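Working notes for the structure below.
What you see is a predicted model, and the numbers here were worked out from it, not measured in a lab. These numbers come from the heavy atoms of this one structure, side chains and all, not from hydrogens, waters or symmetry mates.
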Amino acid sequence: MWLDLIRACRSVAEEEDERGVAHIVEHLAFSATSRYTNHDIVKFLESIGAEFGACQNALTSSDETIYELLVPVDKPGLLSQAISILAEFSSEVRVSAEDLEKERGAVLEEYRGGRNATGRMQDSHWTLLFEGSKYAERLPIGTEKVIRTVTHETVRNFYHKWYNLSNMAVFAVGDFPDTQAVVELIKEHFGQKAPASFPPQVIPEFPVPSHIEPRFSCFVESEAAGSAVVISCKMPAGEIKTVKDYRDSLAESIFHCALNQRLFKLSRRRDPPYFSCSSAADALVRPVKAYIMTSSCRERGTVEALESMLVEVARARLYGFSEREISIVRALMMSEIESAYLERDQMQSTSLRDEFLQHFLREEPVVGIEYEARLQKTLLPYISSAEVVKFAENFSTTSSCVIKIVEPRAHASLEDLKAVVLKVNTLEEKRTIPPWEEEQIPEEIVSQSPVPGIIVDKVEHPGIGATEMILSNGMRVCYKCTDFLDDQVVFTGFAYGGLSELSEDEYTSCTMGSTIAGEIGIFGYRPSVLMDMLAGKRAEVGTKVGAYMRSFSGDCSPSDLETGLQLVYQLFTTKVEPREEEVKIVMQMAEEAIYAQERDPYTAFANRSREINYGNSYFFKPIRISDLKKVNPIRACEYFNSCFKDPSAFTVVVVGNIDPAISIPLILEYLGGIPKVHDTVQPLSREDLKGLPFKFPETIIREVVRSPMVEAQCFVQLGFPVVLKSKMMTEDIHYVGFLSKLLETKIMQVLRFKYGQVYSVNVGVFLGGNKPSRSGDVRGDISVNFSCDPDMSSKLVDFVLEEISYLQTEGPSEEDVRTILEIEQRAHENGLQENYYWLDRILRSYQSRIYSGDVGSTFMVQDEGRVKVREALTPQAMQMALRRVISFPCKKQYTVVILMPKSSRWNSLISVVSWSSGGFSRDAKILAGIAGALVLAASLWRYSRGALRS
């Protein structure tokens, strides 16, 4: 169940000496109130299974602060206590000098964490976009000066000024047996809060001025992940009050979707102007929304990318979209609303919560999915191309437009950008831009129906509600029927044998196989063609080649299961052959990705961490430009083809809303119909695999990696070797999960709640140091990761070592163990209602070292192991497990790698340069996803730097 408290507490309303205070108040709320002190709220919520961050959090934007709690409702009194905590937030937050000092460090670390390349571009974009408005000067994170020096009196005054019950709303969304009882609880707890002794502060509005002339910015960021272009056009935020408003919103969505289809196809043509490009509309701040188009491109390619982006919008204004293009988008939208309607009774609480949030914040109507589905199905067929194309007028360079480029080195100038705008405007005026040329799209994914296979063996596994079949081509298929989501079927197929089998001389070429094949088309069609073929169908399939296994995974609607299985059939029966134009695109993207990594200060740190912890093997070395030049595209595609060729090597698990009478014939046709491979060697078993050359250092290593930085950043990783003995494997594999959560919770309590020096702590587990054989120990490591003030890094490392040492010698408390058990139990209970959870559990049963042909028995043994560990989980048991799993004492064998700035931040600041048509200006938030992550963020600007979480 989700509980939300929304307050009209806005960073845009802060005075100059309050910049960042709205966000500080949000932090303090979890620290101390009149009834809770020393982060007792966090500890209580964790004790009922609500993890800090995932289930208890808050965010501050320019226009509001939102507190979120996800709490169980199956225990009497918990809901009442959770609502009482929200009521405490509303008027009882304690703001003392001591409270502020303890939380100041965490806020500073959050601020410091945002001062990387992306953060600098975000901030400067926000400033340029809202130039002339107070929004430009009131980023929610505030200023370092205010965070360091603001007094508790200033914070308290701000809290009492803006936290008024008349400016708040409370939402409770969940599986309540009695909704009126929940309403009464809210009234009970909030009704006890005395109203302010003075009239509530009038919430001011802050206009954003429009401008006819476009603003231009060339931003040079030496640490940028790549080159990018951003076009933003602001407009007043509209309202949806009538059916006509809703129809217009549908037409607007069709416009962006149809435009994105074209942009994607352009990115897949010969010598494309960009690697990826997308368009979206988003509400930036309360009075304004914007159309935003973003692209990532090669270095020196920003001017060409800008011209192509402007031309496509102009082309749409001149000629509109064809009826075929509109029908494809219409089918996509119909598919989405149909899926939402089918799952209306299984909708996640978060979806309903978000509807109520937008109703309160932006007065959007809450009509319910039944009515919205009927309305959309009624309106969509009659929305014409003429209605759609009128929204292209909003993407005009005279509509409060801001054009920005981002480059790691200066290549383009403001004059270049202005010249492009003039050129495209002239082309549009003279109508010399040609119409869009459409591609021929095949009708069927599988051109010739395969000969169906047959079932040669079938076994029921009632303990897990699954059925296993062996098909005539040797493929093993296990399916489980569920009713968790009416419109979901998920599946994964895996086979042993992966990258660990490769020799050094072919490793780089083969690791590029998936990327090159993906660009060419792994299902027999180029990605741009397949996109249209799948219009209106909810089916997607992807592949992965790992160290020890290769796999394919899919997610589809039950009505589109045939399409999903057809894609798998095509995967196995299509021979991917490299073509020059696709290989060229992939290599360009890979080069840009490598250059971006070399610019990133974290690259040297990550590379050194891998080298220290995992050895100097080519499996763990980063790919360099020199390696890229040795890639053989033919060998890369040959390797990819060999990974998905022999059906007898694969085990496939299918989970979801399956009707066996319909699904089994489809499985037999498209999985069973994959031809046997007669000219191949025997499929690899787990015992045949080559293990990765993993060897954790036997001594203590503490090393500082210094990297050039524009602004000082510090990241710390502590590593501890993990050895799980074969005879204790069934239990210790579960202990590792409990121990990692214990360490994360306890170290967070020390570093953030006690010393106030970090924003977050992550504990990761790697257990891939050995091949997945049936015998032998499992090796890997547990890592503790956090960012901090560079001057505090060594001291915080010592605090972590002291805490782990204490847990090994003294053990955790009873309360610690109860909290960890409750968090795990809640995650398990939630998982039991999710298809992906069951898919993962069944897959892990097949891949377990104790699997010997009976997946049901293996599943039950694993489940019994979990229950056994839970029942035995006492403070002493966790203490002994921590001694057993990692070295005891922990201080005798560990590694520490610390990333530190190479030079002082003051000397480095000069490496950031910016030119702007309107004075000093820096650039926009970009996500330059290159070499595999091909699409920039679709919703790039939501709150910009505003969604700051506690």
Return yes if some donor-acceptor pair links the side-chain N/O of [X] with the main-chain N/O of [Y] below 3.5 Å, else return no.
| X | Y | answer |
| --- | --- | --- |
| R706 | P901 | yes |
| E611 | N616 | no |
| R120 | R115 | yes |
| Q808 | L882 | yes |
| N830 | R826 | yes |
| S783 | G719 | no |
| R702 | V896 | no |
| T603 | Q597 | yes |
| R752 | S760 | no |
| S805 | E802 | no |

(message) Set out, in order, the CA-CA distance, both residues' side-chain angles and the distance that settles side-chain contact (heavy atoms from CB on, under 4.5 Å) for N157 and V155, then state yes or no.
(response) CA-CA 5 Å; N157 291 340; V155 177; over 6 Å; no
(request) Go through the side-chain N and O atoms of E88 and S34 and say whether any donor and acceptor fall under 3.5 Å apart. (result) yes
(request) Verify the distance criterion only: is there a donor paired with an acceptor across the side chains of D816 and S813 at less than 3.5 Å? (result) yes
For the atom pair [atom1] ([X]) and [atom2] ([Y]), what is the distance rounded to the nearest 0.5 Å?
| X | Y | atom1 | atom2 | answer |
| --- | --- | --- | --- | --- |
| D99 | T37 | CG | OG1 | 8.5 Å |
| Q879 | E810 | CD | CD | 7.5 Å |
| E68 | T350 | CD | OG1 | 9.5 Å |
| Q757 | F786 | CD | CZ | 10.0 Å |

Residues [X], [Y]: salt bridge by 4.0 Å N-O rule:
| X | Y | answer |
| --- | --- | --- |
| E92 | R35 | no |
| E109 | R112 | yes |
| R10 | E64 | no |
| K43 | E46 | no |

(message) Using the salt bridge (charged side-chain N to carboxylate O under 4.0 Å, His left out) criterion, which residues pair with K754? Sequence neighbours excluded.
(response) none
(message) Going by salt bridge (charged side-chain N to carboxylate O under 4.0 Å, His left out), name the residues that satisfy it together with R156, two or more places apart in sequence or in a different chain.
(response) none
(request) Would you please test H39 and E103 for side-chain hydrogen bond (donor to acceptor under 3.5 Å, both in side chains) and show each step? (result) CA-CA 10 Å; H39 293 92; E103 199 63 28; 3.2 Å; yes
(request) Go through the steps to decide whether T127 and S124 satisfy the test side-chain hydrogen bond (donor to acceptor under 3.5 Å, both in side chains), and finish with yes or no. (result) CA-CA 5 Å; T127 301; S124 58; over 6 Å; no
(request) Assign the ring pair Y602 / F715 to parallel, tilted or perpendicular, where the plane angle (0 to 90°) is split at 30° and 60°. (result) perpendicular
(request) Measure the acute angle between the ring planes of F130 and W126, then classify it against the limits of 30° and 60° as parallel, tilted or perpendicular. (result) tilted
(message) Can you pull out every salt bridge (Lys or Arg N to Asp or Glu O under 4.0 Å) where at least one residue sits in residues 875-886? Sequence neighbours excluded, please.
(response) D732-R884
(request) Flag yes if more than 12 heavy atoms outside E815 fall under 6.0 Å of its CD atom; otherwise flag no. (result) no
(message) Run the ring pair (Phe, Tyr, Trp, His ring centres under 6.0 Å) test on Y614 and F766 for me, step by step, so that the C-alpha distance in whole Å, both residues' side-chain angles and the decisive distance to 0.1 Å come before the verdict.
(response) CA-CA 11 Å; Y614 305 145; F766 167 70; 5.0 Å; yes
(message) With a 6.0 Å cut-off on the ring centroids, do Y36 and F30 count as close?
(response) no
(request) Scan V736, I804, V723 and name whichever one has a side-chain contact (heavy atoms from CB on, under 4.5 Å) with I886. (result) I804
(request) Take R148 and E144, measure what salt bridge (Lys or Arg N to Asp or Glu O under 4.0 Å) needs, and give me the verdict at the end. (result) CA-CA 6 Å; R148 288 188 181 278; E144 183 177 4; 3.0 Å; yes
(request) Could you check if a side-chain atom of E98 sits within less than 4.5 angstrom of a side-chain atom of H152, using non-hydrogen atoms only? (result) no
